[in-house]
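Numbering starts at 1 and runs along the sequence shown. Keep in mind that the numbers below use all heavy atoms, side chains included, and drop hydrogens, waters and symmetry copies.
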Amino acid sequence: MTAPRAVKGMNDVLPEETGRWQRVEQIYARTMSLYGYREVRTPYVESTALFSRAIGEATDVVEKEMYSFVHHDEPLTLRPEGTAGAARAYIEHSIHAKEGVTRWWYGGPMFRAERPQRGRYRQFYQLGAELFGDAGPGCDAEMIDMLVQFLRELRIPDLQVLVNTLGGPKTRTLYRDALVQYLTPKFGLLSEDSRRRLETNPLRILDSKKEQDREAVVGAPTLHDFLDDDDRAHFHAVRKQLDALGTPYAVADRLVRGLDYYTRTLFEIVGAPEKLGAGSTLVGGGRYDFMIAGLGGPQVPAIGYAAGLERLLIASELEIPANVVDALVAPLGGGVTEGLVLARDLRKSGIRCEVDTRGTSLKAQLRRANALGARMVLILGEDELTQGVVQVKDLDAHTQETMARDQAIRIVVDRLMAASRSVDSRPPRETK
């Protein structure tokens, strides 16, 4: 019988990997708290119609990539992204009536039926945020700067911020018509996907990675040629405030996103190209001022972003301690009961501790301590139990001392806490 395997593109995250995942998630949660964002948790499954309306029926996500099914005559979809669910929750719970500005962050799995590749999977994890109720441009610049600070803390090298503006609906319509007019005579030069997009979503052609499409758009008009005065002023203010924050960026006038809901400010942050290759985008986002109204809610402006957690982990040079526990209690002979009590008392002081209850030799238990990365081993043999003492073996310092039980706990706690403070005080390494 063939052993079961995970579905292609849906991966196990084993314990030796989860430490880095948890560290990134902790840094993200702390960053969001500093900026006044609160966590929201939305369902993994939503109505299929939500994504068709919010994302756009002509997008690749809705047309080709969603995991959709019908259950009891109800069309349902595993969420392919987080913004639509957050917007639905914002409307359903009338959040606009409770607060003028809402800042939410979230994290968790998303699902897209696309070809798996490095850093892109069918079940993938995103960190994202949505800000409702502020038309910017101050919150636009602050969000971009916040993300740069977060990525720097993850020690991701070679960060580059790309910004653009799509203008409002009127600007987008005028530009769409101009782009179609320019590309129609080049129809035969376009890829099959871009020929289809010329009818449904022509701005996506600008985002094509295929060389024939890149050549076809050379000389095409730019969206900036069609901006009205308000759109132009908004983008100018975003750039001015990024300058004031000291956030380096480049204007990418052909930058678009694959989802229909974006308006005005658009941004991507790329980095670690040596690790990620050509697809080095770490974060993508922008403003979507008309989605809430389009879904049946009030007219509320909004901006948000998403970052692929797997890609952040590939790009990050963040290191975490490899040790699973700080101390191992090694009972010999009949000392298991006393060992369990001793370990419980160590844990009360914040020491990660394991008790080896297998009844194996001291040599085997020391091998176990090394495998777990423990620094301290507390040995309880028959002599120690009779005398009411503990042997404390410091594997880093290569020392072994016999001391009273209470003293042993105090010494172990003091030494391990001092070592922890020493590691935490190291300054983070600077990245570009």
Side-chain angles (χ1 to χ4, degrees), residues 28-40 42 54-55 81-107 126-150 161-172 227-247 249 255 257 259-269 283-307:
Y28 184 66
R30 187 182 71 244
T31 299
M32 302 312 294
S33 177
L34 289 172
Y35 284 79
Y37 287 78
R38 296 168 294 162
E39 184 182 8
V40 64
T42 59
I55 298 174
E81 55 93 59
T83 299
R88 190 266 312 147
Y90 179 85
I91 296 167
E92 181 175 342
H93 299 284
S94 301
I95 304 299
H96 70 280
K98 304 172 185 177
E99 53 193 29
V101 176
T102 297
R103 296 179 177 223
W104 284 349
W105 70 268
Y106 52 84
Q126 279 190 345
L127 302 175
E130 316 297 340
L131 193 158
F132 302 104
D134 189 337
C139 64
D140 301 23
E142 184 184 61
M143 178 175 283
I144 295 168
D145 181 70
M146 173 187 72
L147 287 166
V148 170
Q149 305 309 317
F150 167 61
V161 178
L162 305 176
V163 297
N164 193 21
T165 179
L166 294 178
K170 181 180 178 181
T171 295
R172 188 168 178 148
L227 294 174
D228 63 27
D229 291 343
D230 287 342
D231 291 337
R232 201 176 301 277
H234 184 277
F235 190 51
H236 174 75
V238 171
R239 296 179 60 187
K240 181 178 179 180
Q241 290 170 14
L242 286 172
D243 291 337
L245 288 166
T247 308
Y249 66 91
L255 175 65
R257 301 290 300 163
L259 308 179
D260 280 353
Y261 52 65
Y262 286 113
T263 56
R264 285 195 166 174
T265 305
L266 199 66
F267 64 88
E268 286 186 359
I269 305 178
V283 185
R287 183 163 284 285
Y288 53 99
D289 290 339
F290 300 95
M291 180 193 287
I292 300 299
L295 291 175
Q299 179 55 54
V300 174
I303 184 171
Y305 64 83

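Aromatic ring orientation, His96 versus Tyr90: tilted (interplanar angle from 30° to 60°).
Results of the side-chain contact (heavy atoms from CB on, under 4.5 Å) test with Ile303 over Leu131, Ile144, Asp134, Thr263 single out Leu131 as the only residue that passes.
With respect to the salt-bridge test (charged N to carboxylate O, under 4.0 angstrom), the residues Arg287 and Asp140 qualify. Classification of Glu142 and Arg103 as a salt-bridged pair holds, one side-chain N sitting under 4.0 Å from a carboxylate O. Between Arg264 and Asp231 a salt bridge is recorded (basic side-chain N to carboxylate O distance below 4.0 Å).
Not a single donor-acceptor pair under 3.5 Å links the side chain of Asn164 to the backbone N or O of Leu266. The backbone N or O of Thr247 sits nowhere less than 3.5 Å from a side-chain atom of Asp145 that would complete a donor-acceptor pair. Side chain of Glu81 to main chain of Ala84: a donor-acceptor pair is present (N/O by atom type, distance under 3.5 Å, no hydrogens or angles). Within the 3.5 Å criterion, the main-chain N or O of Leu295 finds no donor-acceptor partner in the side chain of Arg88. A donor-acceptor pair under 3.5 Å links the side-chain atoms of Gln241 to the main chain of Gly138, judged by distance alone.
Between Phe267 and Tyr305, the closest side-chain pair of non-hydrogen atoms falls below 4.5 Å. Looking at heavy atoms from C-beta onward, Phe150 lies in side-chain contact with Leu127 at the 4.5 angstrom threshold. Between His234 and Val238, some side-chain heavy-atom pair lies under the 4.5 Å cut-off. In this structure, Phe235 and Val163 have side chains that are in contact, with non-hydrogen atoms separated by less than 4.5 Å. The side-chain heavy atoms of Thr83 and Tyr288, taken from C-beta on, include a pair separated by under 4.5 Å. Leu162 is not listed as a side-chain neighbour of Ile269, based on a closest heavy-atom distance of 4.5 Å or more.
In terms of heavy-atom proximity, Ala86 sits nearest to Trp104 at O-CZ3, 3.4 Å. Residues Phe132 and Ala302 come closest through the heavy atom pair CD2-CB, 3.6 Å. Nearest heavy atoms, Leu166 versus Leu255: CD2-O, 4.3 Å. Looking at every heavy atom in both residues, Tyr262 comes nearest to Gly286 through CE2-N, 3.4 Å. Closest heavy-atom contact between Ala87 and Met291: CB-SD, 3.6 Å. Nearest heavy-atom pair across Met32 and Ala129 is CE-CB, 3.7 Å.
For the residue pair Tyr249 and Arg239, a side-chain donor N or O sits within less than 3.5 Å of a side-chain acceptor on the partner.
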**Q.** Trace of the ring-ring contact (aromatic ring centres under 6.0 Å, His included) decision for Trp105 with Tyr35
**A.** CA-CA 11 Å; Trp105 70 268; Tyr35 284 79; over 10 Å; no

Q | Trace of the side-chain contact (heavy atoms from CB on, under 4.5 Å) decision for Tyr37 with Glu130 | A | CA-CA 9 Å; Tyr37 287 78; Glu130 316 297 340; over 6 Å; no

